[in-house]
Amino acid sequence: MPQKTVISIKRLVPGLIIGPASWLGPYIVMVSLFLPALIQEIDSENKIQLLALFSTMGMLVAAISNMVAGALSDRTHSRFGRRAPWIVGGAFVFMLAMIGASFSEGIPMLLAFWMLGQVALNFIVAPMVAWLDYAPDDKKGMAASAYGGLGMALGNNGFNVIGAMFLSQFRFGFIIFGIVTFIGTLLAVLIVREP
């Protein structure tokens, strides 16, 4: 049986706070503020139906890509660890997708970039959750609290105030928050330093 990988809680906890906050916060700002504003600008008459379409398609794409991302990261062996390449790659593609969304002039283009963003996001989420397995057995609760308590709470609540400041220039907001996701996620990966 292969030996279980263990990462020091001193590295794991900051990564499990910064990581989830970095993808969840920007995503919530974009999905709740910027996306509706951009759809309103492109096609105000059909805004309600289009938001429902984006939401439904997003959930389907997210569910499938989450399972795929988890399976791929489980089977990965690289000099940067199992999860890190997928997390950083996902964050980079997510940033590019949000920059693409910011330049969208029509609904089909926006939908394509948004769906690409959903896939990329789940290549951050699924491997990052698996970081919890790296916690020492007696510190699993602390690691879970860092991820679910602090990281997710910061992501859920911490970014909306900043996001609201970009509402008048929401296209620029897509770019800024895409970059925030990439930098924050990269920082979390560098802190955790998978063996």
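Residue indices begin at 1 and follow the sequence shown. What you are looking at is a predicted structure, and each value in this text was computed from that prediction instead of being measured.
- Distance alone, capped at 3.5 Å, places no donor-acceptor pair between the Gln118 side chain and the Val61 backbone.
- Side-chain atoms of Glu105 and Leu110, non-hydrogen and from C-beta on, never get closer than 4.5 Å to each other.
- Contact check for Ile107 versus Phe54: side-chain heavy atoms found under the 4.5 Å cut-off.
- Listed for the Ser55 side chain is no donor-acceptor partner under 3.5 Å among the backbone atoms of Leu51.
- Remark: the backbone N or O of Lys10 is paired with a side-chain donor or acceptor of Ser8 at under 3.5 angstrom.
- Side-chain atoms of Tyr147 and Trp131, non-hydrogen and from C-beta on, never get closer than 4.5 Å to each other.
- Between Ala69 and Ala126, the shortest heavy-atom contact is CB-CB, 4.0 Å.
- Within the 4.5 Å cutoff, the side chain of Leu132 has no heavy atoms near those of the Leu12 side chain.
- In this structure, Met152 and Leu24 have side chains that are in contact, with non-hydrogen atoms separated by less than 4.5 Å.
- Taken together through direct or relayed side-chain contacts under 4.5 Å among Ile, Leu, Val, Met, Phe, Trp and Tyr, Ile191 and Val88 form parts of separate hydrophobic clusters.
- Side-chain contact between Met142 and Ile9 is present, with at least one heavy-atom pair separated by less than 4.5 Å.
- Arg82 places no side-chain N or O within 3.5 Å of a backbone atom of His77 that could act as its donor or acceptor partner.
- Between the side chain of Thr5 and the main chain of Tyr134, no donor-acceptor pair closer than 3.5 Å is present.
- Between the Asn66 side chain and the Ala62 main chain, no donor and acceptor come within less than 3.5 Å of each other.
- Although no hydrogens or angles enter the test, the distance criterion places no donor-acceptor pair under 3.5 Å between the side chain of Lys47 and the main chain of Ile39.
- Taking the salt bridge (charged side-chain N to carboxylate O under 4.0 Å, His left out) definition, one finds that Arg11 meets it with nothing, sequence neighbours left out.
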How far apart are the C-alpha atoms of Ile124 and Trp86, what are their side-chain angles, what is the distance that settles it, and do they pass the side chain to side chain contact (heavy atoms under 4.5 Å, CB included) test?
-> CA-CA 7 Å; Ile124 304 170; Trp86 295 107; over 6 Å; no
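- The shortest distance between side-chain heavy atoms of Phe174 and Phe166 does not fall below 4.5 Å.
- Using a 4.5 Å cut-off between side-chain heavy atoms of Ile, Leu, Val, Met, Phe, Trp and Tyr, Leu116 falls into a hydrophobic cluster with Val93.
- For the ring pair (Phe, Tyr, Trp, His ring centres under 6.0 Å) with Phe182, the qualifying choice from Phe177, Trp23, Phe92 is Phe92, the only one to do so.
- Residue Met109 belongs to a hydrophobic cluster whose other members are Phe113, with links defined by side-chain heavy atoms closer than 4.5 Å.
- Taking the side chain as every heavy atom from C-beta outward, Val29 and Asn160 approach each other to under 4.5 Å.
- Of the charged side-chain nitrogens involved, at least one lies within less than 4.0 Å of a carboxylate oxygen, so that Arg83 and Asp74 count as a salt-bridged pair.
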Step by step, would you call Met128 with Thr185 a side chain to side chain contact (heavy atoms under 4.5 Å, CB included)?
-> CA-CA 10 Å; Met128 196 175 277; Thr185 304; 4.0 Å; yes
